[in-house]
Amino acid sequence: DINASDLVDYLMSANTQLDGDATTQPLGVHQTWKTREMLGLHFNSAPEWNKTFSAYTLHTDRELLDMFGEQYPALLRLYTGYANNVQRADVARVALMHQYGGLYADVDAFPMNLSSRLGALPQAVIDRAYIPIGAGGVASNHYLLADKGNPFLRYVLDSYPKLHRRWRWFVFPYLRVFFTTGPCGL
C-alpha cells in the first residue's frame with residue numbers, strides 16, 4: 001500500500017523518472033511563471049525545488065506559448081484566447097506533464113509541503129498518474145505527477161475545447177475557471 005509519505009520519500013531520495021532508471025533519467029520537476037524574474041515574491045519555491053531535485057525547470061509564458069505552438073497546435077488558439085491567466089496556467093501544467101512527465105508544482109508549493117498536500121495515494125499513482133484530491137473531494141492541480149505521454153492527461157487536454165464551449169459564458173470568473181480548466185477540468 002502506497003501512502004503520501006512513501007511517495008515523498010521516493011521522490012526525495014530516488015530522484016528518478018517514474019518510468020526510468022535513476023542513473024539516466026532524473027525526475028523532472030516543472031514550475032511555471034510569467035518570466036524568469038521571481039525576485040521578491042514571498043511564495044517563490046523555485047530555489048527549494050532546484051536545490052532538492054537535480055532536474056528542475058522553470059517554464060516561462062514565452063516558453064509555454066512556444067510549446068503549444070510546436071507540440072499542441074490544435075490547442076494554441078484556445079490557450080491564447082482564455083480570458084483568465086489562471087486558465088492558461090491550468091492547461092499549461094497538464095500539457096507540461098503530458099509532454100515531459102515528472103512532477104509539476106505551483107510556485108507557491110514547497111517540497112516540504114508535499115506530503116501534507118498529497119494525502120493518501122489512490123490506485124491512480126500505480127496507474128502512472130497522480131492528481132491529489134482536495135477538500136470536498138475535488139481534484140487539486142497544485143501538484144501533478146505523471147509519466148511522459150500519459151493517456152489520461154492526453155484525454156484531459158483533448159477535453160478542454162469542449163469544456164470551454166460549454167462553460168465560457170459563465171458569468172462568475174471563478175466558476176468559469178473551475179469548470180473549464182480547474183478542478184472540474186481534471
Side-chain angles (χ1 to χ4, degrees), residues 17-18 27-38 41 43-46 49 55-109 114 117-118 124-125 127-186:
Q17 183 70 10
L18 294 177
L27 176 75
V29 175
H30 304 271
Q31 291 186 302
T32 63
W33 191 248
K34 301 170 202 174
T35 66
R36 298 224 176 276
E37 185 64 37
M38 294 176 66
L41 296 177
F43 55 81
N44 179 5
S45 65
W49 288 104
Y56 170 83
T57 306
L58 176 67
H59 302 270
T60 66
D61 284 356
R62 179 75 235 171
E63 293 164 346
L64 294 170
L65 188 60
D66 291 345
M67 179 186 72
F68 274 91
E70 295 166 14
Q71 303 301 323
Y72 304 99
L75 291 173
L76 181 60
R77 186 171 176 191
L78 178 65
Y79 178 75
T80 59
Y82 279 123
N84 304 90
N85 288 333
V86 70
Q87 290 174 291
R88 278 185 285 285
D90 286 343
V91 174
R93 69 188 83 200
V94 173
L96 283 169
M97 290 300 86
H98 182 262
Q99 180 66 28
Y100 300 109
L103 174 69
Y104 169 85
D106 279 351
V107 294
D108 62 347
L114 190 59
R117 298 288 288 270
L118 289 177
V125 80
D127 296 337
R128 312 312 280 187
Y130 176 64
I131 299 169
I133 303 301
V138 176
S140 170
N141 57 9
H142 299 298
Y143 294 104
L144 298 176
L145 178 68
D147 279 331
K148 178 180 179 176
N150 182 279
F152 173 72
L153 295 183
R154 179 75 249 185
Y155 171 80
V156 171
L157 288 167
D158 291 342
S159 70
Y160 283 136
K162 181 179 178 182
L163 291 170
H164 179 68
R165 284 189 302 275
R166 181 179 294 158
W167 297 105
R168 68 181 169 185
W169 302 111
F170 214 98
V171 175
F172 302 107
Y174 174 80
L175 292 175
R176 183 174 45 241
V177 170
F178 188 82
F179 287 109
T180 58
T181 61
C184 288
L186 293 174

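The basis for the numbers below is simple: all heavy atoms, side chains too, and nothing from hydrogens, waters or symmetry mates. All figures in this text were calculated on a predicted structure; none of them were measured in a lab.
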*Give, for atom OH of Tyr160 and atom CG of Asp90, the distance between the pair rounded to the nearest 0.5 Å.*
6.5 Å
*Can you name the closest pair of heavy atoms from Trp49 and Ala109 and give their distance?*
NE1-O, 2.6 Å
*Do Tyr100 and Thr57 have side-chain heavy atoms sitting under 4.5 Å apart?*
no
*Counting N and O atoms only, with roles assigned by atom type, does the side chain of Thr35 sit under 3.5 Å from a partner on the main chain of Glu37, one being a donor and the other an acceptor?*
yes
*Which atoms form the tightest heavy-atom contact between Leu64 and Ala92, and what is the distance?*
CD1-CB, 3.8 Å
*asked:* Donor-acceptor pair, distance only, cut-off 3.5 Å: does the side chain of Trp167 make one with the backbone of Thr181?
replied: no
*Measure the CG-NZ distance between Leu153 and Lys148 for me, rounded to the nearest 0.5 Å.*
13.5 Å
*State, yes or no, whether a side-chain contact exists between Arg36 and Glu63 at a heavy-atom distance under 4.5 Å.*
yes
*Quick one: pull up CZ in Phe179 and OH in Tyr174 and give me the separation to the nearest 0.5 Å.*
9.5 Å
*Please report the C-alpha distance between Asp66 and Arg62 in whole Å, then the side-chain angles of each, then the deciding distance to 0.1 Å, and finally whether the side chain to side chain contact (heavy atoms under 4.5 Å, CB included) criterion is met.*
CA-CA 6 Å; Asp66 291 345; Arg62 179 75 235 171; 2.8 Å; yes
*Determine yes or no for a side-chain-to-main-chain donor-acceptor pair under 3.5 angstrom, with Asn84 supplying the side chain and Val86 the backbone.*
no
*asked:* Distance check, rounded to the nearest 0.5 Å: Leu75 atom CG versus Met67 atom CE?
replied: 9.5 Å
*Does the pair Asp106/Arg93 count as a salt bridge with the N-to-O cut at 4.0 Å?*
yes
*asked:* I want to check something: taking the side chain as every heavy atom from C-beta on, are Arg88 and Phe68 in contact at a cut-off of under 4.5 Å?
replied: no
*Find the distance between CG (Leu76) and CD (Gln71) and round it off to the nearest 0.5 Å.*
12.0 Å
*asked:* Strictly distance-based, threshold 3.5 Å: is any side-chain N or O of Thr180 a donor or acceptor partner for the main-chain N or O of His164?
replied: no
*asked:* Could you work out, with side chain to side chain contact (heavy atoms under 4.5 Å, CB included) as the rule, every residue matching Arg154, not counting sequence neighbours?
replied: Tyr72, His98, Leu157, Asp158
*Of Val94, Thr32, Leu145, which meets side chain to side chain contact (heavy atoms under 4.5 Å, CB included) against Tyr104?*
Thr32
*If you take all heavy atoms of Glu70 and Pro73, which pair is closest and at what distance?*
O-CD, 4.1 Å
*Is the side chain of Thr60 donor-acceptor paired with the backbone N or O of Lys34 at a distance under 3.5 Å, no angle test?*
no
*First locate atom CG of Asp147, then atom CE of Met97, and finally report the distance between them rounded to the nearest 0.5 Å.*
10.5 Å
